[in-house]
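As structure tokens, the structure follows; a few thoughts come after it.
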Amino acid sequence: MPLRIGYVREHFCSPLLQYEAEDKGKTFTLVECPSGTGQLISRLTNDEIDVAIALTDPLIAGIAKGSQAYKLVGSYVNSPLKWAVITGYNSPYKQISDLQGTTLGISRYGSGSHTMAYVMALQQGWPTDQLKFGVNNDIRGLLGSVNDGSTSAFMWEWFTTKPFADAKECRFIGAVPTPWPSWLIAAHPERASPAELKTFLSTLTSYVREFQKPESRAGPSVEFIKKTFGYPEEDVKAWLQTVEYTLDCTQIHSEVLNRTLSVLEQAGAVTLQEGEGIDSSEFVNRNVATLITPEEEKHIVTR
């Protein structure tokens, strides 16, 4: 049976879509999850997908909170994610500091919009235990909530939401980049075999490398995103200048785990046992992924 790969249909998934076009369902099928990483985690838990390409922080936070539905099996995007802070077009909020004490919109608990609200609060010096949330499921629900005033603002990836800002359906009042690489790959520990996963990840690596070659960024990758997602060429080129995919989807760097958990703990999004170190085996399926330590990283040759 082909692997069921959960994903969010955004520009980041372009190499995956190119892979799917060639694979034609022989080894995997795509399952769209428009609500984002919270929905991806829910579908992993409910046996609706086998693999998820999802945001780093909710995936790691989920395991830290005890989820047994998945482990990390690979990396996807190494560059940070630029989260826009978005309010209603006619709302009274002009800057991030105006949002303290208000109700923030999230797609669902455990999503990137949820965990990044804690990071924003940490940066602003707000008490994170006093954050209030309104759950609005997807981008349309979130846009509706900031415009009807039931929430003050929400956070979503900058370039995905820029067309809504351009159309005056919302307004950007700031941005919060993630302090960690933005996308990882997770899989249920039993439903997908190590052999299947390794094949998928190794082949995805070849599409990722092709997509981000300088000559591809200068032309074919721009055209693919324009055609697939309808984004303006200047926005596509601006995004391609900022994004850095992994060189090897089968590798996970231990420092990503350490850094992400450290910030999430500081922000109050997760609670770690005092004095306990991080057991990477709880987070990473070592039968599939290669865990790279800082010492090993020094010897990796950029290809």
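For this chain, numbers begin at 1 and follow the sequence in order.
- Lys213 is linked by a salt bridge (Lys or Arg N to Asp or Glu O under 4.0 Å) to Glu210, counting only residues two or more places apart in sequence or in another chain.
- Without hydrogens or angle criteria, Lys24 side chain to Ala21 main chain gives a donor-acceptor distance under 3.5 Å.
- Taking CG of Leu142 as the start and CE of Met155 as the end, the distance is 12.0 Å to the nearest 0.5 Å.
- With respect to the salt-bridge test (charged N to carboxylate O, under 4.0 angstrom), the residues Lys237 and Glu233 qualify.
- By the side chain to side chain contact (heavy atoms under 4.5 Å, CB included) test, Lys94 is found to be paired with Asp98, Arg171, residues two or more places apart in sequence or in another chain being considered.
- In terms of the side-chain hydrogen bond (donor to acceptor under 3.5 Å, both in side chains) criterion, Asn137 has no residue partners (sequence neighbours excluded).
- Pairing each heavy atom of Val222 with each of Arg217, the nearest pair is CG2-O, 3.2 Å.
- For the pair Arg191 (side chain) and Arg4 (backbone), a donor-acceptor distance under 3.5 Å is absent.
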Next on the checklist: Is there a side-chain contact (heavy atoms from CB on, under 4.5 Å) between Tyr70 and Val51? Walk through the geometry before answering.
Outcome noted: CA-CA 8 Å; Tyr70 61 90; Val51 180; over 6 Å; no
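- Of the possible polar contacts, none joining the Thr29 side chain to the Gly25 backbone as a donor-acceptor pair under 3.5 Å is found.
- To the nearest 0.5 Å, atoms CG (Leu143) and CD1 (Ile139) are separated by 4.5 Å.
- The cluster map of Ile, Leu, Val, Met, Phe, Trp and Tyr, joined by side-chain heavy atoms under 4.5 Å apart, puts Phe164 and Tyr89 in different clusters.
- Scanning all heavy atoms of the two residues, the minimum distance from Ala186 to Leu59 falls at CB-CD2, 4.0 Å.
- Put simply, CD1 on Ile53 and CG on Leu204 are 5.5 Å apart, with the number rounded to the nearest 0.5 Å.
- The aromatic rings of Phe211 and Trp239 sit tilted, their planes meeting at an angle between 30° and 60°.
- With rounding to the nearest 0.5 Å, the separation of CG in Leu261 from CH2 in Trp180 is 9.5 Å.
- Trp183 approaches Glu10 most closely through the heavy-atom pair CZ2-OE1, 4.1 Å.
- By the side-chain hydrogen bond (donor to acceptor under 3.5 Å, both in side chains) test, Ser97 is found to be paired with Gln95, residues two or more places apart in sequence or in another chain being considered.
- Contacts of Lys65 classified as salt bridge (Lys or Arg N to Asp or Glu O under 4.0 Å), with partners at least two apart in sequence or in another chain: none.
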Checklist entry - Going through the checks in order, is the side-chain contact (heavy atoms from CB on, under 4.5 Å) test met by Arg108 and His114? => result CA-CA 7 Å; Arg108 62 182 69 200; His114 180 219; over 6 Å; no
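- When each of Thr37, Thr56, Asp57 is tested with Thr115 by the rule side-chain hydrogen bond (donor to acceptor under 3.5 Å, both in side chains), just one qualifies, namely Asp57.
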Next on the checklist: For a side-chain contact (heavy atoms from CB on, under 4.5 Å) check, start with the C-alpha distance between Val208 and Cys249, then their side-chain angles and the critical distance, and finish with the verdict.
Outcome noted: CA-CA 9 Å; Val208 163; Cys249 294; 4.2 Å; yes
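- Put simply, the side chain of Leu257 reaches to within 4.5 Å of the side chain of Ile60, judged on heavy atoms.
- Side-chain contact between Ile225 and Ser14 is present, with heavy atoms from C-beta onward closer than 4.5 Å.
- Side-chain contact between Ile41 and Pro58 is present, with heavy atoms from C-beta onward closer than 4.5 Å.
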Which donor-acceptor pairs under 3.5 Å do side chains of residues 78-86 form with protein atoms, sequence neighbours excluded?
unit_1: Ser79; atom_1: OG; unit_2: Glu244; atom_2: N; d: 2.9

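- Thr246 and Ser75 share no donor-acceptor pair across their side chains, judged by distance under 3.5 Å alone.
- For the residue pair Ser262 and Glu265, no side-chain donor N or O sits within less than 3.5 Å of a side-chain acceptor on the partner.
- For the pair His11 and Cys13, the minimum side-chain heavy-atom distance is 4.5 Å or more.
- Between the side chain of Lys71 and the backbone N or O of Ser281, at least one donor-acceptor pair lies under 3.5 Å.
- Residues Phe172 and Trp158 are in side-chain contact: their nearest non-hydrogen atoms beyond the backbone lie under 4.5 Å apart.
- Within the 4.5 Å cutoff, no side-chain heavy atoms of Val288 are placed close to those of Leu72.
- Going from atom CG of Leu17 over to atom CZ of Phe12 covers 13.5 Å, rounded to the nearest 0.5 Å.
- Residue Leu240 holds its CG atom at 6.0 Å from OG of Ser221, rounded to the nearest 0.5 Å.
- Every residue two or more places apart in sequence or in another chain was checked for a ring-ring contact (aromatic ring centres under 6.0 Å, His included) with His188, and none qualifies.
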Distance-only criterion, 3.5 Å: show the donor-acceptor pairs between side-chain atoms of residues 116-130 and protein atoms not counting sequence neighbours.
unit_1: Trp126; atom_1: NE1; unit_2: Gln100; atom_2: OE1; d: 3.4
unit_1: Thr128; atom_1: OG1; unit_2: Ala267; atom_2: O; d: 3.0

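- Shown here is Lys26, whose NZ atom has more than 12 heavy atoms of other residues, nucleotides or ligands within 6.0 Å.
- Exactly one of Ser150, Ser145, Ser113, Ser35 qualifies for a side-chain hydrogen bond (donor to acceptor under 3.5 Å, both in side chains) with Asn136. That residue is Ser145.
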Checklist entry - Does the side-chain contact (heavy atoms from CB on, under 4.5 Å) test come out yes or no for Thr228 and Arg9, once each step is laid out? => result CA-CA 10 Å; Thr228 305; Arg9 192 176 176 81; 3.6 Å; yes
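- By the side-chain hydrogen bond (donor to acceptor under 3.5 Å, both in side chains) test, Asn285 pairs with no residue at all, sequence neighbours left out.
- In this structure Pro163 satisfies the side chain to side chain contact (heavy atoms under 4.5 Å, CB included) test together with Tyr231, sequence neighbours excluded.
- At a cut-off of 3.5 Å, with distance as the only test, no side-chain donor of Ser182 or Thr178 sits close to an acceptor on the other residue.
- Of all heavy-atom pairs between Pro181 and Val256, the closest is CG-CG2, 3.7 Å.
- Remark: side-chain polar atoms of Thr205 are paired, donor with acceptor, to backbone N or O of Leu201 under 3.5 angstrom.
- Screening Thr87, Leu104, Thr103, Leu99 against Thr151 for a side-chain contact (heavy atoms from CB on, under 4.5 Å) leaves a single residue, Thr103.
- Legend: residues meeting side-chain hydrogen bond (donor to acceptor under 3.5 Å, both in side chains) with Arg43, ordered by chain and number and at least two apart, are Glu48.
- Using a 4.0 Å cut-off between a side-chain N of Lys or Arg and a carboxylate O of Asp or Glu, Glu169 and Arg140 qualify as a salt bridge.
- What you find for Gly174 and Ile96 is that their closest heavy atoms are CA-CD1, 4.1 Å.
- Between Leu30 and Leu16 the shortest side-chain heavy-atom distance falls below 4.5 Å.
- The ring pair (Phe, Tyr, Trp, His ring centres under 6.0 Å) pairs that include a residue from residues 14-54 are Tyr19-Phe28, Tyr19-Phe200, Tyr19-Tyr207, Phe28-Phe200, where partners are two or more places apart or lie in different chains.
- Smallest separation of non-hydrogen atoms from Leu44 and Ile49: N-CG1, 3.6 Å.
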